[in-house]
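Have a look at the structure below before the remarks.
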Amino acid sequence: MRAVVWERYGPPEGLHLREVVKPTPKDDELLIKIHATTVSAGDCELRSLNFSIGLRLLVRLLMGLTRPRRKVLGQELAGVVEAVGKDVTLFRPGDAVFGTTGFGFGAYAEYICLPERSEGRALATKPTNMTYEEAATVPTGGLEALHFLRRAGGLSRRRVVIVGAGGGIGTFAVQLAKYFGAEVTGVDRTGKLDLLRSIGADRVFDFPQQDFTKGGATYDVIFDVVGTGSYADHLAALTENGRYLLGNPRFSTRVRARWISWRGGKKVVTGASRQKTEDLVFLRQLIEGGSLRTVIDRRFPLEQVPEAHRYFETGLARGRVVITVENPQSSDPRRPSPDGAVP
């Protein structure tokens with residue numbers, strides 16, 4: 001089978017399309033024929049070792065000191081179950097599924113084996129009203145957004161700011177916050193503001209031309225998806241018992257977060273989701289009920305994963321960057337049009 005093999009740390013040039021051995025499912029595993037996957041921040045950060053010095057060393061110890069031992073990146077997917085192990089009970093061959101591989105990665109390939117149940121992974125049947133390309137974009141961004149917003153407590157009639165609202169997590173966060181009854185302000189670059197309005201944002205701020213923390217307004221929840229905003233300014237813009245959600249905090253910020261939360265009043269929330277299947281099923285129900293949709297910026301074929309990584313790292317993507325693995329012309333009649341329109 002074909003897979004994009006991760007051969008060295010650094011820029012996208014370390015990713016190469018190769019022929020590798022097709023996996024065979026164990027007794028508790030499914031063999032999934034992948035139709036679509038995505039480029040995520042986790043893929044790019046791991047590939048380039050874009051971490052603090054301490055975390056970079058830890059990753060090398062876990063993944064390989066001089067070159068990566070885990071050879072295939074890709075954290076989320078949509079596809080069709082081709083075969084199942086004898087102990088699998090929830091899925092059968094022919095089922096259309098979507099899910100996340102967690103820290104196992106491996107989705108930049110034509111096939112993958114995943115356990116039916118596993119801590120840190122989520123797998124469910126695909127939403128009936130989504131293409132494989134659309135469904136592949138949901139698991140990581142949707143689960144992260146859901147995790148943080150739930151930790152903020154009840155959102156009904158609360159004022160919520162999403163910083164980095166036009167990206168993979170942010171677009172789901174805007175829609176979920178609206179679903180939970182919040183008044184939502186989206187913050188992102190000029191080219192993404194119309195998108196934010198189209199998915200429900202009540203107000204938008206053009207970063208960095210406008211600063212939502214100035215002018216005296218306060219907010220109940222600030223969700224900084226990308227972690228580039230001013231920690232002090234964001235805290236100052238919170239109400240007395242507000243919640244500051246940090247999707248990508250630096251180590252020093254984590255330490256300060258504990259201190260702020262310990263003092264009472266305002267709380268700082270960090271930590272990634274556990275990617276539970278029941279949460280993925282909840283997202284599927286919202287999608288099928290018309291309350292949640294995905295936003296796709298560009299699509300690349302499997303052989304162009306390096307180009308897809310380069311584009312993702314420009315920060316210009318409006319929503320998600322998708323990798324098409326299986327030719328959907330014959331397998332997915334709802335394939336979106338080549339101009340990038342989202343149904």
Side-chain angles (χ1 to χ4, degrees), residues 1-4 19-38 40 70 72-143 146 273-294 296 302 320 322-336 343:
M1 70 169 188
R2 297 184 308 155
V4 175
E19 286 290 331
V20 300
V21 177
K22 180 180 176 181
T24 301
K26 299 177 183 177
D27 291 346
D28 64 339
E29 289 183 337
L30 300 78
L31 174 65
I32 300 170
K33 182 177 181 61
I34 298 174
H35 287 232
T37 180
T38 67
S40 71
R70 185 166 291 135
V72 180
L73 296 172
Q75 286 187 289
E76 50 192 346
L77 60 93
V80 176
V81 177
E82 183 165 292
V84 299
K86 66 180 183 64
D87 295 333
V88 173
T89 59
L90 299 178
F91 301 94
R92 59 185 181 182
D95 285 347
V97 296
F98 74 137
T100 170
T101 66
F103 291 112
F105 294 88
Y108 290 172
E110 291 182 313
Y111 291 90
I112 191 172
C113 285
L114 292 176
E116 180 180 43
R117 300 180 181 87
S118 177
E119 188 73 22
R121 295 187 180 96
L123 189 67
T125 55
K126 182 178 77 68
T128 56
N129 56 344
M130 274 190 166
T131 66
Y132 291 103
E133 291 175 336
E134 293 166 340
T137 70
V138 175
T140 298
L143 290 173
L146 180 64
S273 73
R274 294 186 178 180
Q275 300 188 336
K276 298 178 181 179
T277 293
E278 53 264 38
D279 291 338
L280 188 59
V281 171
F282 174 72
L283 294 176
R284 184 188 67 201
Q285 292 168 345
L286 293 187
I287 292 166
E288 293 180 339
S291 298
L292 193 65
R293 69 179 177 94
T294 191
I296 296 176
L302 186 63
R320 302 305 309 275
V322 171
I323 306 299
T324 301
V325 181
E326 167 70 6
N327 181 4
Q329 297 286 4
S330 61
S331 59
D332 193 350
R334 288 192 63 252
R335 183 177 187 264

For a quick test of reading the model, state the closest non-hydrogen atom pair linking [X] to [Y] and the distance between them.
{"X": "P93", "Y": "A83", "result": "CG-CA, 4.3 Å"}
{"X": "I112", "Y": "T101", "result": "CD1-CG2, 3.7 Å"}
{"X": "N129", "Y": "I287", "result": "ND2-O, 2.9 Å"}
{"X": "G74", "Y": "T37", "result": "CA-OG1, 4.4 Å"}
{"X": "C113", "Y": "L31", "result": "SG-CD1, 3.8 Å"}
{"X": "A36", "Y": "A136", "result": "O-CB, 3.6 Å"}

task = Check step by step if side chain to side chain contact (heavy atoms under 4.5 Å, CB included) holds for V81 and R92.
result = CA-CA 7 Å; V81 177; R92 59 185 181 182; over 6 Å; no
query = Where do T89 and R117 land on the side chain to side chain contact (heavy atoms under 4.5 Å, CB included) test, with the steps shown first?
reply = CA-CA 10 Å; T89 59; R117 300 180 181 87; 3.9 Å; yes
Can [X] and [Y] be counted as having a side-chain donor-acceptor contact under 3.5 angstrom?
{"X": "T140", "Y": "S40", "answer": "no"}
{"X": "R284", "Y": "T125", "answer": "yes"}
{"X": "T100", "Y": "Q275", "answer": "yes"}
{"X": "T294", "Y": "E134", "answer": "no"}

Residue pair [X] / [Y], side-chain heavy-atom distance below 4.5 Å:
{"X": "R121", "Y": "P115", "value": "yes"}
{"X": "V80", "Y": "Y132", "value": "yes"}
{"X": "L114", "Y": "V97", "value": "no"}
{"X": "P23", "Y": "M1", "value": "yes"}

When rounded to the nearest 0.5 angstrom, what is the spacing between [atom1] in [X] and [atom2] in [Y]?
{"X": "T38", "Y": "I323", "atom1": "OG1", "atom2": "CD1", "answer": "8.0 Å"}
{"X": "H35", "Y": "L77", "atom1": "NE2", "atom2": "CG", "answer": "10.5 Å"}
{"X": "K86", "Y": "D28", "atom1": "NZ", "atom2": "CG", "answer": "9.5 Å"}

request  = Give the intermediate values and the outcome of side chain to side chain contact (heavy atoms under 4.5 Å, CB included) for residues L123 and L280.
outcome  = CA-CA 7 Å; L123 189 67; L280 188 59; 5.6 Å; no
request  = Would you check, one step at a time, whether the test side chain to side chain contact (heavy atoms under 4.5 Å, CB included) holds for V84 with E116?
outcome  = CA-CA 9 Å; V84 299; E116 180 180 43; over 6 Å; no
query = Ignoring hydrogens and geometry, is there a side-chain-to-backbone donor-acceptor pair from Y111 to R2 under 3.5 Å?
reply = no
request  = Please check if atom CD in E119 has more than 12 non-hydrogen atoms from other residues, nucleotides or ligands closer than 6.0 Å.
outcome  = no
